Amino acid sequence: MTRYLAHAVIHAGTVYRQSIVGLDDGVLSISRFDREVHSTVFVSGIVIVVAENKITLSDRQQLEYIFRKEILLEGGIKRVMRYLERRDIFASEETDVPSLLVIER
């Protein structure tokens with residue numbers, strides 16, 4: 001299992017600040033960062049939980065461009081959220097296979 005600690009984790013329309021996200025055999029876990037956890041990779045940016053079957057390469061490139069273009073982290077998060085909501089790329093817990101999209105600054 002690979003875990004990521006990021007400035008923000010975006011999942012199902014919610015932003016989790018300073019959180020650890022992990023994906024192990026399709027099982028997603030998100031927890032607030034309160035102590036160091038072994039085998040956790042720090043991401044200076046965001047991690048987005050997306051539906052594997054809904055996101056395209058073009059979406060991935062566009063999300064990276066949107067996030068990196070913004071000067072402030074908050075502006076990047078807001079613009080990424082709008083993009084995700086408009087295209088309904090969020091992973092539904094019942095039907096979709098989740099995938100992690102890591103975007104660094």
Side-chain angles (χ1 to χ4, degrees):
M1 171 194 234
T2 302
R3 287 183 289 269
Y4 297 97
L5 166 61
H7 292 293
V9 174
I10 300 174
H11 173 54
T14 305
V15 178
Y16 300 90
R17 305 289 177 173
Q18 295 296 324
S19 295
I20 297 174
V21 61
L23 190 59
D24 187 24
D25 293 329
V27 178
L28 179 72
S29 64
I30 300 174
S31 60
R32 184 99 175 123
F33 174 72
D34 55 0
R35 61 183 168 76
E36 289 187 25
V37 179
H38 179 62
S39 300
T40 301
V41 177
F42 175 70
V43 174
S44 180
I46 61 175
V47 177
I48 307 168
V49 181
V50 296
E52 192 173 273
N53 60 330
K54 293 181 183 176
I55 191 162
T56 65
L57 178 59
S58 175
D59 288 327
R60 291 175 188 268
Q61 292 170 341
Q62 190 64 28
L63 285 164
E64 286 184 25
Y65 174 77
I66 289 169
F67 184 69
R68 290 181 180 158
K69 181 180 173 189
E70 286 292 321
I71 296 170
L72 298 176
L73 184 67
E74 288 304 312
I77 292 170
K78 287 179 184 178
R79 291 193 62 209
V80 163
M81 285 289 288
R82 274 191 300 238
Y83 185 92
L84 293 167
E85 288 169 352
R86 288 182 183 152
R87 285 169 178 75
D88 189 33
I89 301 174
F90 292 120
S92 168
E93 293 179 13
E94 302 85 35
T95 59
D96 296 320
V97 176
S99 179
L100 300 180
L101 174 60
V102 178
I103 304 176
E104 296 192 62
R105 281 279 200 188

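What you are looking at is a predicted structure, and each value in this text was computed from that prediction instead of being measured. Residue numbers start at 1 and run along the sequence shown.
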Task: Separation between CZ of F33 and NE2 of H7, rounded to the nearest 0.5 Å - done: 11.5 Å

Task: Side chains of L84 and L63 in contact at under 4.5 Å (non-hydrogen atoms) - done: yes

Open item on the list: Closer than 4.0 angstrom, basic N to acidic O: yes or no for R3 and E36?
Closed with: no

Task: Minimum-distance pair of heavy atoms, taken over all atoms of G45 and A6 - done: O-CB, 3.8 Å

Task: Interatomic distance, I77 atom CD1 to F67 atom CZ [nearest 0.5 angstrom] - done: 6.0 Å

- [ ] Check R68 against E104 and note the closest heavy-atom contact, atom names and distance.
- [x] NE-O, 3.0 Å

Open item on the list: Using every non-hydrogen atom in the two residues, find where P98 and G26 come nearest and quote the distance to one decimal.
Closed with: CG-O, 3.8 Å

Task: K54 side chain reached by D59 side chain, heavy atoms, under 4.5 Å - done: no

Open item on the list: Would you compute the distance between atom OG of S29 and atom CD1 of I20 and round it to the nearest 0.5 angstrom?
Closed with: 9.0 Å

- [ ] Evaluate the side-chain proximity of D96 to F90: yes if any heavy-atom separation is below 4.5 Å, no if none is.
- [x] no

Task: Separation between CZ of R60 and CD1 of I48, rounded to the nearest 0.5 Å - done: 9.5 Å

Task: Least distance between heavy atoms, R32 atom then S19 atom - done: CA-OG, 4.1 Å

Task: Over all atoms of both residues, closest heavy-atom pair of G75 and E70 - done: C-CG, 3.6 Å

Open item on the list: With side chain to side chain contact (heavy atoms under 4.5 Å, CB included) as the test, pick out the partner of I66 among R82, Q61, K78, R79.
Closed with: R79

Open item on the list: Do M81 and L73 land in one hydrophobic cluster if side-chain heavy atoms of ILVMFWY residues count as linked below 4.5 Å?
Closed with: yes

Task: Spacing of H11 atom NE2 and L28 atom CG [to the nearest 0.5 Å] - done: 5.0 Å

Task: Heavy-atom donor-acceptor pair, T40 side chain to V37 backbone, under 3.5 Å - done: yes

Task: Verify same cluster id: V9, L5 (apolar side-chain graph, 4.5 Å) - done: no

- [ ] Would you name the heavy atoms of V43 and I103 that are closest together and state the gap between them?
- [x] CG1-O, 4.2 Å

Task: side chain to side chain contact (heavy atoms under 4.5 Å, CB included) assessment of Y83 paired with I89 - done: CA-CA 9 Å; Y83 185 92; I89 301 174; 3.9 Å; yes

Open item on the list: Side-chain heavy atoms nearer than 4.5 Å, only ILVMFWY residues, links allowed to pass through others: does that put L100 and V41 together?
Closed with: yes

Open item on the list: I need the I46 CD1 to I10 CD1 distance, nearest 0.5 Å.
Closed with: 4.5 Å

